[in-house]
Structure formats: C-alpha cells, structure tokens
Amino acid sequence: MKLILFDIDGTLVDSQNCIVEAQRRAFAALSLPAPLTREKALSVVGLSLVEAFDALTEGRGPSKELAEAYKNAWAQLRGELRIEDRCPVYPGVQQFLRDLSRREDCLLGVATGKSRAGVERLFDAYGWRDFFATVQTADDAPSKPAPDMFHRALAETGVTARDACMVGDTVFDMRMAHYAGGYAIGVGWGYHAHDKLKKAGAAVVAEDLNALRLHLDEFMQCVTI
Ligand SMILES: [Mg+2]
C-alpha cells in the first residue's frame, strides 16, 4: 500500500490572495510596516503561523502577536468572502482527488500548515472528508519542514516511509519528505519556483495535473522490498 500526502495551499487550492491580504492586515493591526512583496509574502506559505512570521520579520517579530492578528484577519475575510473565493480549488483538482481516492493501491492524506479548523471548513465545503485517511495540521505537529507530520501520517496508516510520497508546492514540503525518508513530488503551479523545489529534494516537478498523474502512476508502480 502506498500513501500520497498532499499539501493544501498552493497545491490543491489557490489561497494566495487571501493569504497576502491577511498578512497585510496582521501587520497593519499591530501598526507595523509590512515588509512584504508578494513574492516574499508567498515564500512563507506552508510554514505554521509563528514560523511564517519569524521568517517574514527575519526573527524580529513579534511573531506570536502577528500570528494572532493573522488569525483575526482570516476571521474577517471569512465574513467577507465565500470559501470558493477565499480558497478556490485549482481546475481539475476535484476530479483528480476523486479518481485517486477510488484506487485500491493507495491511501491519501493531508499535511498542511493550516489549522485543523481551517482544514475542516475546507473539507466540508468541498466534500473531501472521505478522501483522506490521515490529516495532519499545524495543530497536530511542528511546522514543516520538520518530519513530524509525515511520521504521524505513516503511523496512522501503517505505511512505510519509502512507500509514501509528499505532493506539494514549496521547499518545506520537499524537505519534510526528505527528512522523513519519503519520496517528494513538486507541483509547478504553486508558490515556490521549480528550481527551488528540485534543490530541496523534489524527485520531479509536475507542471500540471496530467503530469502529476503520470508521476504518481510511476511512484505507485515502484515495488519496494
Ligand atoms: Mg503549499
């Protein structure tokens, strides 16, 4: 049995507009200058919140307060926008997940820097709850790229590291899989550049869902002993 672990933001849903806006509001709420280009804002997506603000402020913080303000900003955005507008699913992803979830040779999972509550909202909105055998969030384990989420997913499914693959859009996803002894496939439609994903340990980078499907087929045909 294989396990395919998916990142969410930048991999399954395109939440970049709200993430950038929530970061901007968090800095504004604390009357701090936002050190943000769009590229810099998106470079920290995938980290858990405190780690993300540590990176954005280069360790100067105050990261815990910024993380709280960011959560408040997301709460505001939930009141302003429908989930389909906050976190639209990338085209084709819905069918892609449905097809994969019907295969009998693999289990699916999620490893995300999102909160458990955020994941639950997304699953309810898109009907994804039954697709995933294991769900690891920022509330369950240390931030990527620490291997803990990956290890927890293996423990919950009984799959070995060499039979598990992380699919994600950032270097944090690739490094997490690498540290845990698993396989990593990058996706080229998210928030980190192709060459950075390769350097961080991606075996391949899929530029679209068709390519991802082929790479996953190859991974699932690998027999491990
Ligand atoms: Mg991501």
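As the structure is a computational prediction, the values presented were derived from the model and not from experiment. Just so you know, ligand 1 is whichever comes first in the structure, and atom 1 is the first atom listed for that ligand.
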- Item | Shortest-distance N, O or S atom of Asp7 relative to the Mg ion (ligand 1) | OD2

- Item | Electrostatic pair Lys64:Glu68 at N-O distance under 4.0 angstrom | no

- Query: Mind checking whether the Mg ion (ligand 1) has an N, O or S of Asp9 under 2.8 Å?
  - Reply: yes

- If you check every N/O/S atom of Asp169, which is the one nearest the Mg ion (ligand 1)? OD1

- Query: Do Phe132 and Phe123 make the cut of ring centroids closer than 6.0 angstrom?
  - Reply: yes

- Distance flag, aromatic centroids of Phe131 and Phe96, threshold under 6.0 Å: no

- Task: Compare all side-chain heavy atoms of Leu216 with those of Val167 and state whether any distance is below 4.5 angstrom.
- Result: yes

